[in-house]
Amino acid sequence: DAKTTQPTSMDCAEGRAANLPCNHSTISGNEYVYWYRQIHSQGPQYIIHGLKNNETNEMASLIITEDRKSSTLILPHATLRDTAVYYCIVKRGRRNTGTASKLTFGTGTRLQVTL
Amino acid sequence: DAGVIQSPRHEVTEMGQEVTLRCKPISGHNSLFWYRQTMMRGLELLIYFNNNVPIDDSGMPEDRFSAKMPNASFSTLKIQPSEPRDSAVYFCASERGQGTEAFFGQGTRLTVV
């Protein structure tokens, strides 16, 4: 699976958009970009994933560049409860084949949302 | 669904003792992952199963660690004998299949003294 690079930490003011970048320059054609977050002491929580199109759900938006070598997770209106470590993961997969591929976590970005 | 259920939530044991961690995946999910998390090493994938079959156990630290999945609704991670360096939070996760997301349990905090 492709390796990802993320900044170690970021700050964001409450109510503002948090934009978390991720580089995955070695991504291959059948690899998806996944984002998870881990709030202190809890299990990681899925946020969003995509292949090549931009995606949006109730939690966040995912913007993937046309060459797929980088992506940005956007939390449109960050709150204090969004303070967490955010992991960008590249994972092989084709939809609904019934079996999983490796899900490997890097060091992530520690996002601190402040008043 | 109650989500991925891990037990116990906390375990304190003496060095040399056997420890068994348990995981019940979400019903209908056919892939299961075991992770270990420490401050020094972050989240490490230990092993994962597809359809109850171990696919990749390259992350299992050594022979003291073993994992089984006897059926689709239950998995164990066993450490025998345990050592203080095994102290960590152990997470279990399950996934329905490729292209879907994994759901994590709340973890088991293991302390070996």
Side-chain angles (χ1 to χ4, degrees), chain A residues 1 3-6 8-9 27-53 55-60 62 64 73 84-110, chain B residues 2-7 9-10 21 23 25-26 28-60 69 72 75 88-109:
Chain A
D1 292 334
K3 182 181 169 57
T4 63
T5 304
Q6 300 178 251
T8 304
S9 63
I27 194 170
S28 59
N30 68 345
E31 289 180 320
Y32 288 76
V33 180
Y34 282 76
W35 284 84
Y36 286 77
R37 72 180 182 184
Q38 187 174 26
I39 296 170
H40 181 62
S41 298
Q42 298 181 19
Q45 175 191 24
Y46 166 81
I47 301 173
I48 197 166
H49 74 285
L51 183 61
K52 55 183 178 182
N53 298 319
E55 302 285 346
T56 295
N57 63 20
E58 65 278 4
M59 288 182 70
L62 174 60
I64 302 174
L73 178 75
V85 178
Y86 287 77
Y87 297 97
C88 169
I89 300 165
V90 173
K91 181 172 178 296
R92 276 189 303 110
R94 291 188 305 171
R95 288 190 182 274
N96 301 321
T97 60
T99 57
S101 58
K102 234 174 177 176
L103 181 65
T104 305
F105 288 77
T107 53
T109 296
R110 184 173 298 276
Chain B
V4 176
I5 299 173
Q6 292 187 245
S7 64
R9 290 294 308 276
H10 301 273
L21 311 181
C23 176
I26 293 173
H29 284 194
N30 46 27
S31 298
L32 184 141
F33 303 81
W34 280 102
Y35 291 87
R36 176 174 69 175
Q37 186 169 34
T38 60
M39 288 291 292
M40 291 295 294
R41 300 176 68 92
L43 261 169
E44 301 174 275
L45 177 64
L46 300 178
I47 185 172
Y48 78 98
F49 296 82
N50 282 337
N51 298 316
N52 312 336
V53 176
I55 301 301
D56 187 335
D57 65 355
S58 59
M60 295 285 263
M69 193 163 186
S75 178
V89 180
Y90 291 80
F91 289 103
C92 174
S94 71
E95 181 184 310
R96 184 161 44 85
Q98 284 186 355
T100 64
E101 66 270 30
F103 293 83
F104 284 75
Q106 288 302 301
T108 295
R109 182 173 295 276

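Chain A is the first sequence line, chain B the second, and so forth, proteins listed ahead of strands; every chain is numbered from 1. The structure displayed is predicted, hence computed values, not measured ones.
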- Task: Could I get the full list of side-chain contact (heavy atoms from CB on, under 4.5 Å) partners for B:S58, not counting sequence neighbours?
- Result: A:K102, B:D56
- Distance in Å, B:E95 CD paired with A:Y46 OH, rounded so as to fall on 0.5 Å steps: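 Answer for the CD-OH pair, B:E95 versus A:Y46, is 10.5 Å.
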- Please state whether the side chain, the backbone, both or neither of A:Q45 comes within less than 4.5 Å of a heavy atom of chain B. neither
- A:Y36 and B:F91: CA distance, side-chain angles, deciding distance, ring-ring contact (aromatic ring centres under 6.0 Å, His included) verdict: CA-CA 14 Å; A:Y36 286 77; B:F91 289 103; over 10 Å; no
- Message: Under 4.5 Å from any heavy atom of chain A, what part of B:Y35 do you find: side chain, backbone, both or neither?
- Response: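 Answer is side chain: those atoms of B:Y35 sit under 4.5 Å from chain A.
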- Item | Proximal component of B:L45, with respect to chain A [non-hydrogen, under 4.5 Å] |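 Only the side chain of B:L45 comes within 4.5 Å of chain A.
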- Task: Identify, with sequence neighbours excluded, every residue that meets salt bridge (Lys or Arg N to Asp or Glu O under 4.0 Å) alongside B:R9.
- Result: none
- Note on the structure: For B:T100 and A:Y34, the nearest pair of non-hydrogen atoms, with its separation, is O-OH, 3.1 Å
- Of the listed residues (B:Q6, B:Q37, B:E44), which shares the most heavy-atom pairs with chain A below a 4.5 Å separation? B:Q37
- Query: Of the listed residues (A:P44, A:G43, A:G108), which shares the most heavy-atom pairs with chain B below a 4.5 Å separation?
  - Reply: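 Ranked by contacts with chain B, first place is A:P44.
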